[in-house]
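Only a predicted model underlies this, so the values are computations on that prediction, with no experimental measurement involved.
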Amino acid sequence: MPAYHSTFLAEEQSSANRTIGNLILLPFHTKFRGPSFPPDQEYDIIEEILDLFRANSFFRNFEIKGNADRLLIYGILYVNQCLSKLNPIMNSKEAVRVLNNLSLDNFSLPGEIGFPLNTIYTGPSNKNESDLLRSYLQQFRQELADRLIKRIYENDIDGPSKYWLAFTKRRFMNTSL
């Protein structure tokens with residue numbers, strides 16, 4: 001059974017979406033400041049990442065069909081990193097604090113030395129693109145962490161869902177951010 005790919009592969013030809021290196025900057029709904037703008041439809045790349053995370057976590061190999069798949073990979077690896085920071089006795093307020101710090105923490109961009117997947121990502125070509133990509137990924141990480149917390153603590157604010165925390169030991173593509 002093959003892994004699930006992004007449904008936004010068809011939107012790569014749209015002139016409204018910008019590509020930096022080989023990572024597409026897809027729009028998503030957000031309450032955080034940054035370069036992303038709201039899309040036309042309700043379903044965005046953040047919802048897709050959260051929907052496909054658990055199914056794709058079982059795959060060690062992933063065939064990349066386009067730049068939207070690269071954003072999907074980055075998002076899945078970031079969700080895995082977020083889940084590894086949580087523990088079963090953490091309440092929702094502590095989780096918000098921990099994941100906000102993680103999303104605002106300094107992180108490597110594709111093409112930089114500390115980035116783990118430089119073989120499948122191309123880095124930005126100049127400083128302006130680098131700044132735009134950093135601000136987009138920071139906004140992306142903040143929104144993804146916020147929606148992840150809402151899903152994990154949906155039924156109980158005193159403890160995270162065990163069905164999400166069960167995936168902390170899984171390594172998508174056998175790597176992590």
Side-chain angles (χ1 to χ4, degrees), residues 1-28 30 32-37 44-86 98-148 167-177:
M1 185 170 106
Y4 296 98
H5 294 278
S6 177
T7 58
F8 295 99
L9 289 171
E11 292 188 23
E12 290 185 11
Q13 286 75 30
S14 171
S15 62
N17 296 326
R18 185 166 182 188
T19 302
I20 295 179
N22 58 2
L23 189 69
I24 191 166
L25 307 183
L26 290 171
F28 54 88
T30 184
F32 300 101
R33 258 184 63 204
S36 181
F37 53 91
D44 59 8
I45 187 68
I46 304 285
E47 287 298 318
E48 182 177 54
I49 289 167
L50 292 173
D51 289 345
L52 297 179
F53 169 73
R54 293 189 280 185
N56 278 349
S57 291
F58 292 105
F59 294 100
R60 300 277 182 230
N61 299 321
F62 188 83
E63 178 190 357
I64 299 171
K65 293 187 176 183
N67 295 338
D69 275 346
R70 286 183 177 84
L71 190 60
L72 180 72
I73 290 169
Y74 185 85
I76 289 173
L77 292 176
Y78 181 68
V79 168
N80 198 327
Q81 185 180 17
C82 288
L83 290 175
S84 69
K85 299 291 182 187
L86 301 177
V98 167
L99 294 188
N100 278 341
N101 287 340
L102 179 64
S103 64
L104 295 174
D105 225 5
N106 197 8
F107 57 92
S108 299
L109 291 177
E112 291 180 353
I113 294 173
F115 193 73
L117 295 170
N118 277 331
T119 56
I120 61 173
Y121 289 93
T122 305
S125 60
N126 58 38
K127 177 94 169 94
N128 290 338
E129 283 188 355
S130 177
D131 291 341
L132 177 63
L133 183 60
R134 183 169 300 281
S135 63
Y136 177 82
L137 287 179
Q138 184 170 357
Q139 183 185 18
F140 180 79
R141 290 162 61 108
Q142 286 175 308
E143 185 63 31
L144 189 53
D146 185 55
R147 291 195 206 174
L148 178 64
F167 287 88
T168 57
K169 293 175 179 61
R170 291 255 169 226
R171 294 283 175 232
F172 177 62
M173 294 177 60
N174 215 14
T175 190
S176 63
L177 288 180

Pairs touching residues 108-130 that satisfy salt bridge (Lys or Arg N to Asp or Glu O under 4.0 Å), sequence neighbours left out: Glu112-Arg134, Lys127-Asp131

Interatomic spacing from CZ in Arg18 to CD1 in Ile20 - rounded to 0.5 Å: 5.0 Å

Against Arg147, only a single residue in Val79, Asp44, Thr30 fulfils side chain to side chain contact (heavy atoms under 4.5 Å, CB included); can you say which? Asp44

Could you tell me if Tyr136 and Arg141 have a donor-acceptor pair between their side chains, going purely by distance under 3.5 Å? no

Nearest heavy atoms of Ala145 and Tyr78, plus distance in Å: CB-OH, 4.1 Å

Solution key, residues 101-109 side-chain donor-acceptor pairs under 3.5 Å, sequence neighbours excluded:
unit_1	atom_1	unit_2	atom_2	d
Asn101	ND2	Arg97	O	3.4
Ser103	OG	Leu99	O	3.2
Ser103	OG	Asn100	O	3.0

I'd like to know if the side chain of Asn61 reaches the main chain of Ala3, judged simply by a donor and an acceptor atom lying under 3.5 Å from each other, with no hydrogens or angles considered. no

So which atom in His5 and which in Leu52 form the shortest heavy-atom distance, rounded to 0.1 Å? O-CD1, 3.9 Å

In Å and rounded to the nearest 0.5 Å, what is the CD to CG distance from Gln138 to Leu133? 11.5 Å

Could you state the interatomic distance from OG (Ser6) to CD1 (Ile45), rounded to the nearest 0.5 Å? 4.0 Å

Check the pair Tyr4, Phe62 against ring pair (Phe, Tyr, Trp, His ring centres under 6.0 Å), reporting the backbone distance first and the verdict last. CA-CA 9 Å; Tyr4 296 98; Phe62 188 83; 9.8 Å; no

If we only count heavy atoms from C-beta on, is the Leu117 to Pro110 side-chain gap below 4.5 Å? no

Would the distance check show the side chain of Asn80 and the main-chain N or O of Ile76 forming a donor-acceptor pair, the cut-off being under 3.5 Å? no

